[in-house]
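Since the structure comes first, as structure tokens, the remarks are kept for the end.
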Amino acid sequence: LLEATPPYAPGATLADLVEDGTLHRDFVALSSVALPMDRPLYRHQEAAIRKVVAGRNLVVSTGTGSGKTESFLLPILNSLIEERANGTLGPGVRALLLYPMNALANDQLKRLRSLLSTTPDITFGRYTGETQPSTRDAISNFRSSNPGEEPLPNEMLSREQMRDSPPHILLTNYAMLEYLLLRPADLELFDGDYSGT
């Protein structure tokens, strides 16, 4: 069976969306090899970003490799950048990225490392069964799993770190989310001092 898949229709670039005011002017701080401002988005990504930024809900249903993640992740980053510019970006979960399997959460974690390596005030962390309780053990685990790399200052590696100061972007899976919402030790991630952020 041979199937030809036509290319996805191109849309505006991120630089275009910054210029027309869809994305915050400080969004260009994320410009990197991982996120070039001059590469055209797909048209469905552009439409999704415009809708989310305008306050609309949406569902993105398209093929594998079509950039569904950017359709929701870029508006999340834009919102965090806007908060930072307004001086209101304190600790607290703003976005919950929920995955059915740890492997998918781990892939997204690698993407966030590359996207946020130059933006230390936007924090993120993965809270799954693999997440170490103590920061010391988490750092040791990171170094053994990523030889030659140092942890980013904005990546929360341990449960201890995330309980003390919840990250802006929290990656987890369905099973762990249930625990996070029920265990008294983890309630601070969504309640208490950091609720309503």
Side-chain angles (χ1 to χ4, degrees), residues 23-24 27 30 34-35 44-45 48-62 64 66-86 88-117 119-133 135 138 142 151-197:
L23 296 174
H24 194 275
F27 194 87
L30 293 174
L35 190 65
H44 63 271
Q45 292 173 315
I49 291 167
R50 289 184 187 281
K51 287 179 181 179
V52 172
V53 169
R56 305 245 331 259
N57 295 321
L58 62 104
V59 173
V60 179
S61 176
T62 182
T64 301
S66 62
K68 290 183 288 295
T69 299
E70 287 80 5
S71 298
F72 66 82
L73 186 58
L74 296 178
I76 289 169
L77 295 176
N78 184 63
S79 178
L80 292 168
I81 285 169
E82 211 169 274
E83 272 194 68
R84 182 183 68 181
N86 294 335
T88 58
L89 186 64
V93 176
R94 305 309 200 280
L96 181 65
L97 304 184
L98 195 58
Y99 291 94
M101 300 180 301
N102 283 351
L104 296 171
N106 293 342
D107 285 346
Q108 191 61 248
L109 185 64
K110 289 176 188 170
R111 180 180 286 187
L112 285 174
R113 281 182 189 143
S114 64
L115 288 176
L116 298 175
S117 63
T119 317
D121 44 354
I122 296 177
T123 59
F124 62 98
R126 179 200 60 189
Y127 200 127
T128 65
E130 298 171 3
T131 305
Q132 297 292 319
T135 303
F142 178 91
L152 295 174
N154 52 336
E155 181 179 356
M156 304 205 167
L157 298 171
S158 70
R159 295 177 184 203
E160 177 182 60
Q161 286 176 306
M162 287 184 259
R163 288 172 179 158
D164 288 345
S165 182
H168 301 123
I169 302 172
L170 180 66
L171 294 93
T172 191
N173 58 50
Y174 298 108
M176 185 56 74
L177 179 60
E178 183 178 6
Y179 290 125
L180 294 177
L181 294 172
L182 296 175
R183 283 193 303 223
D186 294 316
L187 288 178
E188 288 298 316
L189 287 169
F190 306 107
D191 204 3
D193 294 342
Y194 305 111
S195 64
T197 55

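Worth knowing before you read on, the calculation uses all heavy atoms, side chains too, and leaves out hydrogens, waters and symmetry mates. Positions are given from 1 along the sequence.
- Distance alone, capped at 3.5 Å, is enough to place a donor-acceptor pair between the Asn154 side chain and the Leu116 backbone.
- With contacts defined as side-chain heavy-atom distances shorter than 4.5 Å, the pair Leu74/Leu30 does not qualify.
- Counting heavy atoms from C-beta outward, Leu58 and Phe72 have side chains that stay 4.5 Å or more apart.
- Contact of the Arg94 side chain with the Glu83 side chain is registered, since non-hydrogen atoms from C-beta on lie closer than 4.5 Å.
- Residue Arg183 places its CZ atom among more than 12 non-hydrogen atoms of other residues, nucleotides or ligands, all under 6.0 Å distant.
- Atom CG in Leu96 sits 5.5 Å away from atom CZ in Phe190 (nearest 0.5 Å).
- Using a 4.5 Å heavy-atom cutoff, the side chains of Thr172 and Leu98 are in contact.
- Between Asp186 and Tyr127, the side chains place a donor N or O and an acceptor N or O closer than 3.5 Å (distance only, hydrogens not considered).
- What you find for Leu171 and Leu112 is that their closest heavy atoms are CD1-CD1, 3.4 Å.
- A pairwise comparison of heavy atoms in Gln161 and Glu155 identifies OE1-O, 4.4 Å as the closest pair.
- Interatomic distance, Leu109 CG to Ser114 OG, rounded to the nearest 0.5 Å: 10.0 Å.
- Residues Leu80 and Thr119 are not in side-chain contact: their nearest non-hydrogen atoms beyond the backbone lie 4.5 Å or more apart.
- Under a 3.5 Å cut-off, the side chain of Glu130 and the backbone N or O of Asn102 do not form any donor-acceptor pair.
- Under the side-chain hydrogen bond (donor to acceptor under 3.5 Å, both in side chains) criterion, Asn78 pairs with no residue at all, not counting sequence neighbours.
- Side-chain N or O atoms of Thr131 include one that pairs as donor or acceptor with a backbone N or O of Arg126 at under 3.5 Å.
- With rounding to the nearest 0.5 angstrom, the CZ atom of Arg111 is 10.0 Å from the CG atom of Leu35.
- Contacts of Glu82 classified as salt bridge (charged side-chain N to carboxylate O under 4.0 Å, His left out), with partners at least two apart in sequence or in another chain: none.
- Here the rule is side-chain contact (heavy atoms from CB on, under 4.5 Å) with Ile76, and of Ile169, Ile81, Val52 only Ile169 fits it.
- Qualifying side chain to side chain contact (heavy atoms under 4.5 Å, CB included) partners for Ala138, counting only residues two or more places apart in sequence or in other chains: Gln132, Leu157, Ser158.
- Open room surrounds NZ on Lys51; 12 or fewer heavy atoms of other groups in view lie less than 6.0 Å from it.
- Annotation for Glu70 and Pro75: closest pair O-CD, 3.7 Å, computed over non-hydrogen atoms.
- Leu189 contributes atom CG, which lies 10.5 Å from atom CZ of Arg159 (distance to the nearest 0.5 angstrom).
- Shortest non-hydrogen contact noted between Thr128 and Met176 is C-CE, 3.4 Å.
- Minimum heavy-atom separation, His44 to Ser66: NE2-O, 2.8 Å.
- In this structure, Pro120 and Leu152 have side chains that are not in contact, with every pair of non-hydrogen atoms separated by 4.5 Å or more.
- Distance check, rounded to the nearest 0.5 Å: CD of Gln108 to CG of Leu115 gives 8.0 Å.
- When all heavy atoms of Gly125 and Pro167 are compared, the closest pair comes out as N-CB, 3.8 Å.
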